[in-house]
Peer 1: 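Dropping a structure here in structure tokens format, bear with me for questions.
The structure presented is a predicted model; accordingly, all values stated were derived computationally and were not measured. For ligands, and for the atoms within them, numbers begin at 1 and follow the listed sequence.
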Amino acid sequence: MSDPNCIFCKIAARQIPASFVHEDEDVLAFRDISPQAPTHIVIIPRVHLSGLNDLTPDLAPLMGKIGLVAKKLAADEGRVASGWRLVSNAGPDAGQTVFHLHFHLLGGRPMAGKMV
Ligand code: AMP
Ligand code: ZN
């Protein structure tokens, strides 16, 4: 459920400070420490999963919840009309550096180039 060496588990346990923008029983969100856009929020499940590769069918409701939290936060940040992006890096080619499942919510500037 929790990994004592995981920085995002430590944030979830309030052992490391973060600027929280959302918290419920399953999902947390906080501002990225190194923002790449005017809005850069990290959305995580409370439960420790190393990334998208750890998903199993029983986690489908949790994934849906994360999507709804992202939508709410994009609206809170005033990014609905201008647009926003939700990204999760999985593994080395994607550049994942923290191995606790997380989604980057980015907005507030045009995203340079299309990713897909
Ligand atoms: P990724 O490279 O996709 O694994 O994303 C990890 C993200 O976590 C990066 O954007 C980091 O800036 C961010 N990050 C790392 N440590 C912290 C922290 N203590 N508080 C907030 N964001 C963090
Ligand atoms: Zn963790």
Peer 1: Test your reading of the model: is there a side-chain donor-acceptor pair from Arg46 to the backbone of Glu23, 3.5 Å cut-off?
Peer 2: no
Peer 1: For Leu52 and Leu101, work out which heavy atoms get closest and say how close.
Peer 2: N-CD1, 3.5 Å
Peer 1: Could you tell me whether a side-chain N or O of Gln96 sits under 3.5 Å from a main-chain N or O of Ser50, the two making a donor and an acceptor?
Peer 2: yes
Peer 1: Taking the Zn ion (ligand 2) as the vertex, how big is the angle to ND1 in His48 and SG in Cys6, rounded to 10°?
Peer 2: 110°
Peer 1: Using every non-hydrogen atom in the two residues, find where Ala29 and Ile41 come nearest and quote the distance to one decimal.
Peer 2: CB-CG2, 3.8 Å
Peer 1: For Pro45, does its backbone N or O pair with a side-chain atom of His100 as donor and acceptor, under 3.5 Å?
Peer 2: yes
Peer 1: Tell me the protein heavy atom at minimum distance from atom 16 (N) of ligand 1, and give that distance in Å.
Peer 2: Ile7 CD1, 3.9 Å
Peer 1: Tell me the contacting part of Phe8 for ligand 1: side chain, backbone, both, or neither, using a 4.0 Å heavy-atom threshold, strictly below.
Peer 2: side chain
Peer 1: Check for a donor-acceptor pair, side chain of Glu25 on one end and backbone N or O of Val27 on the other, with a separation under 3.5 Å.
Peer 2: no
Peer 1: Backbone or side chain, does any N or O of Arg31 fall under 3.5 Å from an N or O of ligand 1?
Peer 2: no
Peer 1: What residue and atom, counting heavy atoms only, is the protein's closest point to atom 10 (O) of ligand 1, and at what distance?
Peer 2: Asp32 OD2, 2.5 Å
Peer 1: Report yes or no: does Gly95 have a heavy atom closer than 4.0 Å to ligand 1?
Peer 2: yes
Peer 1: Where is the nearest protein heavy atom to atom 1 (P) of ligand 1: which residue, which atom, and how far?
Peer 2: His102 NE2, 3.2 Å
Peer 1: Would you say ligand 1 has an N or O under 3.5 Å from any N or O of Gln96?
Peer 2: no
Peer 1: Please report the closest heavy-atom contact between His48 and Ser2, naming both atoms and the distance.
Peer 2: CB-CA, 4.0 Å
Peer 1: As a test of reading the structure, name the N/O/S atom of His100 that is nearest the Zn ion (ligand 2).
Peer 2: ND1
Peer 1: Ile33 versus ligand 1: do any nitrogen or oxygen atoms come within less than 3.5 Å of each other?
Peer 2: yes
Peer 1: When you measure from the side chain of Ser19 to the backbone N and O of Phe30, does any donor-acceptor pair fall under 3.5 Å?
Peer 2: no
Peer 1: For ligand 1, is there an N or O atom under 3.5 Å from any N or O atom of Thr97?
Peer 2: yes
Peer 1: May I ask you to identify, for Phe30, whether its side chain, its backbone, both or neither come under 4.0 Å of ligand 1 on a heavy-atom basis?
Peer 2: side chain
